Amino acid sequence: MPELPEVETVRRGLAPVLAGGRIVRVEQRRGDLRFPFPPDFAARLAGRRILDLRRRAKYLLADLDGSETLVMHLGMSGSFRIDGDVQGFFHHPRDKSAAHDHVVFHMESGARVTYNDPRRFGFMLLVPTKELNAHKLFKGLGVEPLGEALDSAFLARAFKGRAAPAKALLLDQRLIAGLGNIYVCEALHRCGISPLKAGGKLVTVAGKPSAALARLPEAIKKVLEEALAAGGSSLRDHRQADGSLGYFQHSFRVYDREGAACPTPGCKGTVARVAQSGRSTFFCPECQK
DNA sequence: ACACTATCCTGCAGGC
DNA sequence: TGCCTGCAGGATAGTG
């Protein structure tokens, strides 16, 4: 569920409560999410200060005193909620099943931060901070899509010789880390590239990026930045940490809009939906070639 | 190496 | 109303 804009929105919402704060107690209400929790997980967190709350790809990283980092992934349905006696945050009613409240962080400030995850595809683990980059989850991760490393030359190298469709390549976290189904569909529509097109065919023989590929990095960055400004997209689960909804879903041009008129100016096409590797792809066959 | 699938889990929408 | 099927923002292990 949460792609980069949603995870970053969560990070920004949690940072005022977590970063610099001390964890006094952690309630861990089950033994596993996607994976088992680390041994003595709750006990190892108790009493520790969170030095910084960062994001890499779709991971939230809480650097703790004692040189360990709490790594958190929201999977498809994970979310955090802040409540308790916190100045600056309203107390919003529980609108999700408490049965899926799996972890509660009790902060010294009085804030409670609750992790809810119905599908339990999310996970948490503890990694020594200096070993993070070498950790198996992180060492193969691709570039941050909002960083300078993502440009047309990078994409030309990444796509060269690849038979896989553009959609699959953009979803591959080993190339670009942070995109998911929604923003890949939206970015490809914005630059007029068909999600079905083989990656290699978007690169010219001379090795220079094609015009279409040259537009792709900007399309990716723009859609992510617009989504960030909107607090992410709220379809089913995503909420900002203060409980408010993201609203970028109202700005989708193709995602979940099968049958709608293509919003590209002058285009007479209709948004289509196809399955690619078992997942829905939305695109306009008229203006995405 | 690469491409594709099945799979983890729950909730919800749509069809009958 | 209820039962059934399929689908959902992710990522990996396993297959050919």
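Every chain is numbered from 1, with letters handed out A, B, ... down the list of sequences. Being a predicted model, the structure only gives us computed values, none of them experimental.
- Between A/D32 atom CG and B/dC8 atom P there is a gap of 13 Å when expressed in whole angstrom units.
- Distances from the side chain of A/A163 to the nucleotides B/dT10, C/dA8, B/dA3 place B/dA3 closest.
- We find that A/E226 and A/R190 are joined by a salt bridge, their nearest charged nitrogen and carboxylate oxygen being less than 4.0 Å apart.
- Following rounding to the nearest Å, A/L74 (CG) and B/dC9 (C1') show an atom-to-atom distance of 16 Å.
- Which of B/dG11, C/dG10, C/dA8 sits closest to the side chain of A/R273 comes down to C/dA8.
- Atoms CG (A/L137) and C1' (C/dA11) sit 10 Å apart, rounded to a whole Å.
- Nearest to the side chain of A/S277, among B/dC8, C/dA8, B/dT5, sits B/dT5.
- Lacking a ring centre under 5.5 Å from that of the base six-membered ring together with a plane angle below 30°, A/F121 does not count as stacked on C/dA11.
- Here C/dG9 presents its C1' atom at 11 Å from NE2 of A/H73, a figure rounded to the nearest Å.
- Distance A/D256 CG to C/dA8 P: 9 Å, rounded to the nearest Å.
- Nucleotide B/dC9 holds its P atom 16 Å from the CZ atom of A/F123, rounded to whole Å.
- Here the nucleotide nearest the side chain of A/R34, chosen from B/dC8, B/dT10, B/dC4, is B/dC8.
- Salt-bridge check for A/R81 with A/D101: passed, with a basic side-chain N closer than 4.0 Å to an acidic carboxylate O.
- The nucleotide whose nearest atom lies closest to any side-chain atom of A/K136 is, among C/dT12, C/dA13, B/dC2, C/dA13.
- To the nearest angstrom, P of B/dT10 lies 15 Å from CG of A/D101.
- Of the candidates C/dG10, C/dA8, B/dC4, the closest approach to any side-chain atom of A/Y255 belongs to C/dA8.
- Using a 4.0 Å cut-off, no side-chain N or O of A/R279 falls inside it from OP1 or OP2 of C/dA11.
- Looking at A/R119, its side chain comes within 3.5 Å of the base of B/dC9 through a donor and an acceptor atom.
- Across all strands shown, nothing is found opposite B/dC9 as a Watson-Crick or G-U wobble partner with both distances under 3.5 Å.
- Salt bridge annotation for A/K222-A/E225: absent, with no cationic side-chain nitrogen under 4.0 angstrom from a carboxylate oxygen.
- Remark: C/dG9 base-pairs with no nucleotide; criterion is Watson-Crick or G-U wobble with both hydrogen-bond distances under 3.5 Å.
- Residues A/D83 and A/R112 are paired through a salt bridge, judged by an N-O separation under 4.0 Å between the basic side chain and the carboxylate.
- Between the side chains of A/N116 and A/S79, not a single donor N or O lies within less than 3.5 Å of an accepting N or O.
- Side chains of A/H106 and A/E27: a donor on one and an acceptor on the other come within 3.5 Å.
- Rounding to whole angstrom units, NZ of residue A/K58 and P of C/dG9 are separated by 10 Å.
- The C1' atoms of B/dA6 and C/dG6 are separated by 16 Å, rounded to the nearest whole Å.
- For A/S280, a side-chain nitrogen or oxygen approaches OP1 or OP2 of C/dA8 to under 4.0 Å.
- Note on A/H100: a side-chain N or O is less than 4.0 Å away from OP1 or OP2 of B/dG11.
- Using a 4.0 Å cut-off, no side-chain N or O of A/R174 falls inside it from OP1 or OP2 of C/dA11.
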